[in-house]
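I have placed the structure first, in the form of structure tokens, so that the comments after it can refer back to it.
Each ligand, and each atom within it, is numbered from 1 in the order the structure gives. If you read the sequence from its start, that first residue is 1, and numbering goes on from there.
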Amino acid sequence: MIRKAIIPAAGYGTRTLPITKVLPKEMLPICGRPALDYIVEEAIRSGIEQILIVVSRSKNMILDYYDRSVELETYLEEKDKKHLLKEISLPNVHIQYVRQSYARGLGEAILLGKQFVGNEPFAVMLPDEIILSNEKQPLKQLIDMFTEVKGNIVGVKKMDPSQLKNYGVIQPKRLKNAQFQIKDIVEKPQISPPSDLAVIGRYVFNPAIFAYLENVKPDVGGEIQLTDAIKAMAKDNTSYGLEIEGKCFDIARMSEYIKLINYIWDSKEG
Ligand code: UTP
């Protein structure tokens, strides 16, 4: 059973400037709710009981969002707006935080969750990838495969070849249906991607990943890349890919952010 999830949210959001100078990318509004809230909901609906959000100095808005506002509650009660209280009710999950003092990469953000995770398998969910599925929740799809194979599971999606240079891309060996063994992984391949299966921000890891992450050397930009740890684990034949069923939207790309809003709005109207 997977009970814990880490949500890294300490990055600078440089692709989404200038708004991310003041508004964390994770709090970008999607039909009145912050992006992060869709991820928290997916976590809860996948059976997650405890969430660690990795934040940084400029992300206090995230802590405020998941805290009570007694002042606002009192106001709504006094002004006969009690029906709105449900709009500000808190999600039914334990949320805690750790601060990353400088954005030294996704790998380092996950390493900060070592204490929180302890000695059990756990999930990692990137809040800038919103995945909507009418079937099983995206993370639950990974958790179910983990229960079957017990190895690390990386969510992947078939991508248009022109997009692969923006993602981690796996070299897969097909096992069955949507399941693959990961033979290798390449971060942002500029030429000859090893497949069209891109990593899309949902993972289930064994705690053994921390030993791999601790051995990752910073890249040329000084960042600890999660991909390097997955690459090392792939060599030890312990990692799998699962093609996630659902529609994926990378909200760091304006065109997809707008598509997502329209998609949710249309499904509400319809
Ligand atoms: P991204 O690379 O997509 O986010 O990382 P970013 O760095 O904020 O944005 P760009 O690339 O500059 O536009 C994926 C997730 O990992 C978190 C980010 O907050 C985002 O949610 N992250 C990234 C961290 O928590 N720490 C890091 O050091 C890097």
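Relative to the six-membered ring of Tyr38, Arg33 meets both conditions, a distance below 6.0 Å and an angle of at most 45° to the axis. Under the 6.0 Å distance and 45° angle rule, Lys4 counts as a cation-pi partner of Phe116.
For atom 8 (O) of ligand 1, the nearest protein heavy atom (residue, atom name, distance) is Gly13 N, 2.8 Å. Looking from atom 15 (C) of ligand 1 to the surrounding protein, the closest heavy atom is Pro8 O, 4.0 Å. Nearest non-hydrogen protein atom to atom 16 (O) of ligand 1 is Leu106 CD1, 3.6 Å. Looking only at heavy atoms of the protein, atom 28 (O) of ligand 1 is closest to Gly105 N, 2.7 Å. Counting only heavy atoms of the protein, atom 11 (O) of ligand 1 lies nearest to Arg15 NE, 3.2 Å. For atom 9 (O) of ligand 1, the nearest non-hydrogen atom of the protein is Lys25 NZ, 3.2 Å. Protein heavy atom closest to atom 25 (O) of ligand 1, with residue, atom name and distance, is Ala10 N, 2.8 Å. Looking only at heavy atoms of the protein, atom 18 (C) of ligand 1 is closest to Gly11 N, 3.5 Å.
Under a 4.0 Å criterion applied to the non-hydrogen atoms of Arg104, ligand 1 contributes the atoms 28 (O). Less than 4.0 angstrom separates some heavy atom of Pro127 from each of these atoms of ligand 1: 21 (O). Ligand 1 places these atoms under 4.0 Å from at least one heavy atom of Ala109: 24 (C), 25 (O), 26 (N). Listed by atom number, the atoms of ligand 1 under 4.0 Å from Ala103 heavy atoms are 27 (C), 28 (O).
By the 3.5 Å distance cut-off applied to N or O atoms, Glu26 is counted among the residues near ligand 1. For the pair Tyr102 and ligand 1, the shortest N or O to N or O distance does not fall below 3.5 Å.
For the 3.5 Å distance criterion, the side chains of Gln163 and Arg253 qualify, holding a donor opposite an acceptor. Counting only N and O atoms by type, the side chains of Tyr212 and Asp236 include a donor and acceptor under 3.5 Å apart.
Taking 4.0 Å as the cut-off between side-chain N and carboxylate O, Lys176 and Glu148 count as a salt-bridged pair. Using a cut-off of 4.0 Å between Lys/Arg side-chain N and Asp/Glu carboxylate O, Glu73 and Arg68 are scored as salt-bridged. Using a 4.0 Å cut-off between a side-chain N of Lys or Arg and a carboxylate O of Asp or Glu, Arg202 and Glu42 qualify as a salt bridge. The residues Asp196 and Lys158 are annotated as not salt-bridged, no charged nitrogen and carboxylate oxygen being separated by less than 4.0 angstrom.
The closest approach between Ala9 and ligand 1 falls below 4.0 Å for a heavy atom of the residue. Under a 4.0 angstrom heavy-atom cut-off, Glu108 registers as lying outside contact with ligand 1.
Environment of CD in Glu71: sparse, with no more than 12 heavy atoms of neighbouring residues, nucleotides or ligands closer than 6.0 Å.
Using a 4.5 Å heavy-atom threshold, the side chains of Pro121 and Phe205 count as separate. Met159 places none of its side-chain heavy atoms less than 4.5 Å from the side chain of Val169.
For atom 3 (O) of ligand 1, the choice among Thr14, Asp128, Ile251, Ile53 with the nearest heavy atom turns out to be Asp128.
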